[in-house]
Q: 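Input: one structure, supplied below.
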Protein chains: 2
Amino acid sequence: MSLRHAILGFLSHRPLSGYDLKKAFDGSVAHFWAADQAQIYRTLAGLSEERLVEVERVAQEVRPDRKLHHLTASGRAELVAWLQAPTVAPARREPLLVKLFFVSEVAPEHLGVLLRTELAAAERELATLNAVATGTAPAFAAAPPTQALGPALTLWAGLAATRAWRDWLVAALGTLEGDAPMAAVLAALAAGA
Amino acid sequence: MSLRHAILGFLSHRPLSGYDLKKAFDGSVAHFWAADQAQIYRTLAGLSEERLVEVERVAQEVRPDRKLHHLTASGRAELVAWLQAPTVAPARREPLLVKLFFVSEVAPEHLGVLLRTELAAAERELATLNAVATGTAPAFAAAPPTQALGPALTLWAGLAATRAWRDWLVAALGTLEGDAPMAAVLAALAAGA
DNA sequence: GGTCACTATAGGACACATCCTATATCTGTC
DNA sequence: GACAGATATAGGATGTGTCCTATAGTGACC
């Protein structure tokens, strides 16, 4: 459901083609809402049918025509309504936790393998996000705060979640190395704040 | 893709009916992999067609027949193969972060509303998970560690992620109350560990 | 001279999940 | 006596997203 609205969000800044939108997604929100190219074109067709966007055909001599999508008044209204409506969180899908839940079906050593592989992935993700953060910080500082605060908070949230995940993986691997992993895990569970 | 394997996982302990499976999901992994009842029945039909499970019809006099699903040898092999295969993380879907990204399209006060609503949801989630933790801790301590470690780690991961999310929301709301929110956010971004 | 990547669009098939609905009977509550 | 809720199954429609493919010209690389 959010793809429609994310597209409307991008179009609220300036009119874009499907191709432009794909690049806009990949360069910003892709970490927490990736968009498939085919899906973008289909969604744009739907939005245009609902009169939430208007299509301006821009002829190009050498390449196929670009179809610039302009946000209409009702499109903006739809975006604002969505921003103000309560957020419906989709069900979490964490295959790693499912695996962890049934890990006793395979050899005990495999638990460590599973966690270490995930830790490597988390470190990579963290490195990417950190790079994005250092790269965009000057732009955030220069832009008017009302404009930049949203994107900056988004990035911070992604970083915070990824760091926490990494830290948990490190802690979990730590308990496996002790003599009494189960006791350590139970202690961590009880230490709820 | 994980629903198939989660079902195989549950069936590795004992044969279950579709109805039993629904209850098994709701009572354990629902927090990070919810299962729709209709989807469970359809997936079971597919697994049976692929000979990964075998159906035993148990006639009941008063109610509709139960269809007990037994894991076959190839079913167990499939489960083990999945547990040992690298985990494919599905793309993250965080509508709240998408909203945050485009929040400048609505009145600035709305940012706080958005975060506070999410904070309330996070606190509720945290309370549920903490209740589950205190409720299951005795069972974890009593069970053989090789069996219980997986589920305990799963719960810990869920708790850790939810706590981190709650903490981030509190921190983000804190920056909004200061005189220079943008500077505070940039400081937090830079404080990468 | 061939292959690859880029710009730009979009259809078809399929996977996966959700929502709503239907059937049928028993048990417990008000 | 009525009605809700538990037990037990499953179909149909719809939504949402993924994967593969096709078209078509330009520019760059080797």
Side-chain angles (χ1 to χ4, degrees), chain A residues 1-8 10 15-27 29-50 53 55-69 82 88-95 98, chain B residues 1-8 10 15-27 29-50 53 55-69 82 88-95 98:
Chain A
M1 259 310 188
S2 284
L3 182 61
R4 290 164 54 84
H5 298 106
I7 288 177
L8 293 176
F10 279 117
L16 296 168
S17 72
Y19 192 84
D20 297 334
L21 272 167
K22 175 62 177 159
K23 283 191 295 181
F25 271 94
D26 289 351
V29 296
H31 287 287
F32 47 88
W33 201 286
D36 181 74
Q37 176 254 39
Q39 192 64 13
I40 287 177
Y41 281 100
R42 249 188 279 271
T43 306
L44 277 174
L47 289 174
S48 157
E49 213 171 290
E50 293 174 64
V53 303
V55 179
E56 175 197 0
R57 246 200 144 84
V58 179
Q60 301 195 114
E61 290 187 11
V62 290
R63 305 195 188 281
D65 291 2
R66 304 184 71 214
K67 288 166 76 175
L68 273 185
H69 297 79
W82 174 73
V88 276
R92 280 190 199 167
R93 303 269 162 210
E94 303 275 5
V98 180
Chain B
M1 259 304 188
S2 284
L3 182 60
R4 291 164 53 85
H5 298 107
I7 288 176
L8 293 176
F10 279 118
L16 296 168
S17 72
Y19 192 83
D20 297 334
L21 273 167
K22 175 61 178 161
K23 281 191 296 182
F25 272 92
D26 289 349
V29 296
H31 288 286
F32 47 89
W33 201 286
D36 181 74
Q37 176 254 37
Q39 193 64 15
I40 288 177
Y41 280 100
R42 250 187 278 270
T43 306
L44 277 174
L47 289 173
S48 159
E49 214 171 290
E50 292 174 65
V53 303
V55 179
E56 175 198 359
R57 250 205 140 80
V58 179
Q60 301 196 115
E61 290 189 8
V62 289
R63 304 194 191 282
D65 290 4
R66 305 182 71 211
K67 287 167 77 176
L68 273 184
H69 296 78
W82 174 73
V88 277
R92 282 192 196 164
R93 303 268 163 212
E94 302 274 5
V98 180

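All values below come from the heavy atoms of this structure, side chains included, with hydrogens, waters and symmetry mates left out. Reminder, nothing fancy here: chain letters follow the sequence lines and each chain counts from 1. Predicted, not measured: the structure shown is a model, and the values here were computed from it.
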Q: Only counting residues at least two apart or in another chain, list the ones meeting side-chain hydrogen bond (donor to acceptor under 3.5 Å, both in side chains) with B:Arg4.
A: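 Checked B:Arg4 against side-chain hydrogen bond (donor to acceptor under 3.5 Å, both in side chains); matches are B:Glu50.
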
Q: What pairs with B:Phe10 under ring-ring contact (aromatic ring centres under 6.0 Å, His included), at least two apart in sequence or on another chain?
A: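 Testing B:Phe10 for ring-ring contact (aromatic ring centres under 6.0 Å, His included), a comparison that skips the adjacent residues, returns A:Phe102, B:Phe25.
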
Q: Measure the distance from NZ on B:Lys22 to P on D:dG5 and round it to the nearest whole Å.
A: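 My rounded result for the distance is 17 Å.
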
Q: So, do B:Asp20 and B:Arg66 sit near enough that their side-chain heavy atoms are less than 4.5 Å apart?
A: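 The answer is yes; the side chains approach within 4.5 Å.
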
Q: For B:Ala91 and for B:Asp20, locate the closest nucleotide of DNA chain D by heavy-atom distance; then report the residue assigned to the nucleotide nearer the 5' terminus.
A: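 Nearest nucleotide further toward 5': that of B:Asp20.
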
Q: Could you state the NZ-P distance from B:Lys23 to D:dG5, rounded to the nearest angstrom?
A: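 Computing the B:Lys23:NZ to D:dG5:P distance gives 17 Å.
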
Q: Give one of base, sugar-phosphate or nothing for A:Arg93, where a contact means two heavy atoms less than 4.0 Å apart.
A: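 It contacts sugar-phosphate atoms only.
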
Q: Find the distance B:His69:NE2 to D:dA10:P and express it as a whole number of Å.
A: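 Those two atoms, NE2 and P, are 7 Å apart.
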
Q: According to a strict under-4.0 Å criterion, is B:Lys67 in side-chain N/O contact with OP1 or OP2 of D:dA10?
A: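 It does, given that an N or O in the side chain of B:Lys67 lies less than 4.0 Å from OP1 or OP2 of D:dA10.
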
Q: Rounded to the Å, how far apart are A:Arg4 CZ and D:dG17 P?
A: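 A:Arg4 atom CZ is separated from D:dG17 atom P by 11 Å.
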
Q: Of all of residues 35-44 of chain B, which get a heavy atom below 4.0 angstrom from DNA chain C, listed by number?
A: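 Residues of residues 35-44 of chain B under 4.0 Å from DNA chain C: B:Asp36, B:Ala38, B:Gln39, B:Arg42.
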
Q: If I take atom NE2 in residue A:His5 and atom C1' in nucleotide D:dG17, what distance separates them, rounded to the nearest angstrom?
A: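 Nearest whole value for this atom pair: 17 Å.
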
Q: Separation of B:Leu21 atom CG from D:dA10 atom P, in whole Å?
A: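 Taking atom P of D:dA10 as the reference, CG of B:Leu21 is at 12 Å.
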
Q: For B:His5, give me all partners under ring-ring contact (aromatic ring centres under 6.0 Å, His included), at least two apart in sequence or on another chain.
A: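 Partners of B:His5 under the ring-ring contact (aromatic ring centres under 6.0 Å, His included) test: B:Trp82.
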
Q: For A:Lys67, check side-chain hydrogen bond (donor to acceptor under 3.5 Å, both in side chains) against everything at least two apart and list the hits.
A: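 Listed in chain order: nothing, the list is empty.
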
Q: Distance check needed: D:dT7 P versus B:Tyr19 OH, whole Å only.
A: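 Nearest whole value for this atom pair: 4 Å.
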
Q: Quick check on D:dT7: is either OP1 or OP2 less than 4.0 Å from any side-chain nitrogen or oxygen of B:Ser17?
A: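 The answer is no; no side-chain N or O of B:Ser17 sits under 4.0 Å from OP1 or OP2.
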
Q: Whole-Å distance between D:dA6 C1' and B:Asp26 CG?
A: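 Taking CG of B:Asp26 and C1' of D:dA6, I get 14 Å after rounding.
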
Q: Run the side chain to side chain contact (heavy atoms under 4.5 Å, CB included) test against A:Gln39 and tell me which residues pass, sequence neighbours left out.
A: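 A:Gln39 satisfies side chain to side chain contact (heavy atoms under 4.5 Å, CB included) with A:Leu3, A:Asp36, A:Arg42, A:Thr43 only.
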
Q: So, B:Arg57 side chain and B:Leu68 main chain: donor-acceptor pair closer than 3.5 Å or not?
A: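 No, B:Arg57 side chain to B:Leu68 backbone: no donor-acceptor pair under 3.5 Å.
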
